[in-house]
Amino acid sequence: MAEKTIDHAITATDLKSAATDPTHAGVLSFMRRRYTKSLEGVDAVVWGIPFDAATSNRPGARFGPQAIRRASAIFDNDPQYPFERDLFAEMAVIDYGDCLLDYGNHWQTPETIETEAAKILAASDFLLTLGGDHFITWPLLKAHVAKHGPLALVQFDAHQDTWFDDGKRIDHGSFVGRAVREGLIDPDRSIQIGIRTHAPEDCGIRIVYGHEVEDMRAGDISSLIVSHTGGLPTYLTFDIDCLDPAFAPGTGTPVAGGPSSAKILSVLRGLYQLDIRGADVVEVAPAYDHADITAIAGATVAMYMLGLHAERLARQR
């Protein structure tokens, strides 16, 4: 016990140090990363946006960042499967905490998110955001595009989110259409995986429907994503309702007929060739969850995103 510590999220002195907290105790940052607003020497930043005022069905995703952080305690800093590495041995990652939003003035929310995301991206090349509902991806895309230029969008989701709006609505079902119209993403190089609903337009984005995901092998889906994006810098967004409600019941707009967490995690593992510049996990609503099933799935997806970035950094060094 003499060599063990607790509350690594606030006691860590080295951003690349491993945590030894018991999985059932200690301060719950994402994967026990240090809680700090200092961006010095950081390779990747984890950030929460507790916002769900744009939901069209059940609210509650404002509690998503808390739930994902809590579930991430199961990752106890052994080499992470399936990456066979301590993700933080060579990659400095912090938990930047949450975005401060005015719950009584939602019209300020997009600018607040974009401004703070831009601040983080000025100091770090990789931002992993924990939502929150899917509306948050629109201001996040604006901040990422300001740094990287137009991006390909890889979207795991049951919904297309291409419903038309007037550019002023606070709506989690229209951010993709808005991003296309504003030139934030290249629709010809963007792709949606797991779609199980219909919207009036597809905006020219390649769709892999839920039944197609069911019929395809995970490796073939990964290869399709990589080839379709064509090497373009990519933003990866993961709506937890991409998964079947059996694997992610804790979400606002669940849709039956989706893939298993095992299959989609295998798809994610195959995306090591993507040039991922930013990522998010959204729509985890723990009030509808059972035994943390959804939160664990969301935390695992987020860990995979960090794992892919760790491998990218290793190739560059």
State whether the number of non-hydrogen atoms from other residues, nucleotides or ligands found under 6.0 Å of Arg217 atom CZ is greater than 12.
no
Sequence neighbours left out, cut at 3.5 Å: what donor-acceptor pairs do the side chains of residues 199-209 make with other protein atoms?
{"residue": "Asp202", "atom": "OD1", "partner": "Gly204", "partner atom": "N", "Å": "2.9"}

Exercise for the section: Please examine the side chains of Leu140 and Asp280, heavy atoms only from C-beta on, and report whether any two atoms are closer than 4.5 Å. Expected result: yes
Are the side chains of Asp157 and His134 in touch, meaning some heavy atoms are under 4.5 Å apart?
yes
ring-ring contact (aromatic ring centres under 6.0 Å, His included) with Tyr304: of Phe83, Phe238, Phe75, Phe156, only one passes, and it is Phe83
Indicate yes or no: at least one non-hydrogen side-chain atom of Leu265 is less than 4.5 angstrom from one of Arg269.
no
Step by step, work out the side-chain hydrogen bond (donor to acceptor under 3.5 Å, both in side chains) result for Asp241 and Thr253.
CA-CA 7 Å; Asp241 71 26; Thr253 311; 5.3 Å; no
Checklist entry - With a cut-off of 6.0 Å (strictly less than), are more than 12 heavy atoms of other residues, nucleotides or ligands near CD of Glu212? => result yes
To the nearest 0.5 Å, atom CG of Asp186 lies from atom CG of Leu232 at 6.0 Å
**Q.** Other residues, nucleotides, ligands: >12 heavy atoms within 6.0 Å of Tyr35 OH
**A.** yes
* Crowded around Lys37 NZ? As in, over 12 foreign heavy atoms under 6.0 Å? -> yes
* Would a 4.5 Å heavy-atom cut-off, applied to side chains only, mark Phe175 and Asp165 as touching? -> no
Between Ala25 and Ile6, the two heavy atoms sitting closest are CB-CD1, 4.1 Å
(message) Side chains of Trp47 and Ile113, heavy atoms from C-beta outward: is any pair under 4.5 Å?
(response) yes
When rounded to the nearest 0.5 Å, the distance separating CG of Asp125 from CD of Gln316 is 8.5 Å
Is there a side-chain contact between Pro245 and Val255 in this structure, where contact means two heavy atoms from C-beta onward sitting under 4.5 Å apart? no
Take the angle between the ring planes of His309 and Phe126 and call it parallel below 30°, perpendicular above 60°, tilted in between. parallel
Output for pair (Thr294 OG1, Leu243 CG), nearest 0.5 Å, gives 8.5 Å
Check whether any side-chain heavy atom of His172 lies under 4.5 Å from a side-chain heavy atom of Phe51, and answer yes or no. no
On a heavy-atom basis, the closest approach of Ile170 and Pro110 is CD1-CG, 4.1 Å
Review point. Can we say Asp86 and Lys16 salt-bridge, meaning some charged N sits less than 4.0 Å from an Asp/Glu carboxylate O?
Key: no
Legend entry - salt_bridge(Asp98, Arg69) N-O dist < 4.0 Å: yes
| query | Is any side-chain heavy atom of His144 less than 4.5 Å from a side-chain heavy atom of Leu127? | reply | yes
Checking Ser222, Ser223, Cys242 against Val267 for side chain to side chain contact (heavy atoms under 4.5 Å, CB included), the one that qualifies is Ser222
**Asked** Using a distance-only test with no angle check, is there a side-chain donor-acceptor pair under 3.5 angstrom linking Arg32 and His8?
**Response** no
When you look at OH of Tyr288, are more than 12 heavy atoms from neighbouring residues, nucleotides or ligands closer to it than 6.0 Å?
yes
- Query: Are the charged groups of Arg196 and Glu214 less than 4.0 angstrom apart, N to O?
  - Reply: no
Query raised in the report: For Glu182, does the CD atom sit with more than 12 other heavy atoms under 6.0 Å from it, leaving out its own atoms?
Result: yes
*Backbone N/O of Gly132 and side chain of Asp52: donor-acceptor pair under 3.5 Å*: no
Quiz item: Is the backbone N or O of Ser190 less than 3.5 Å from a side-chain atom of His228, with the two atoms forming a donor-acceptor pair by type?
Solution: yes
Counting N and O atoms only, with roles assigned by atom type, does the side chain of Ser260 sit under 3.5 Å from a partner on the main chain of Lys263, one being a donor and the other an acceptor?
yes
What one should report as the nearest heavy-atom pair of Leu306 and Ala44 is CD2-CB, 4.3 Å
Inset, instruction - Apply side chain to side chain contact (heavy atoms under 4.5 Å, CB included) to the pair Val284 and Phe63, showing each step before the final yes or no. - result: CA-CA 8 Å; Val284 172; Phe63 299 106; over 6 Å; no
- [ ] Kindly say whether Arg33 contributes a backbone atom to a donor-acceptor pair with the side chain of Asp95 at under 3.5 angstrom?
- [x] no
When rounded to the nearest 0.5 Å, the distance separating CG of Asp21 from CG of Asp7 is 6.0 Å
Give a yes or no answer on whether the side chain of Thr251 reaches the backbone of Glu283 with a donor-acceptor pair at less than 3.5 Å.
yes
Check whether the side chains of Asp275 and Thr234 place a donor and an acceptor atom closer than 3.5 Å, and report yes or no.
no
Here the pair of heavy atoms bringing Asp43 nearest to Ser124 is O-OG, 3.4 Å
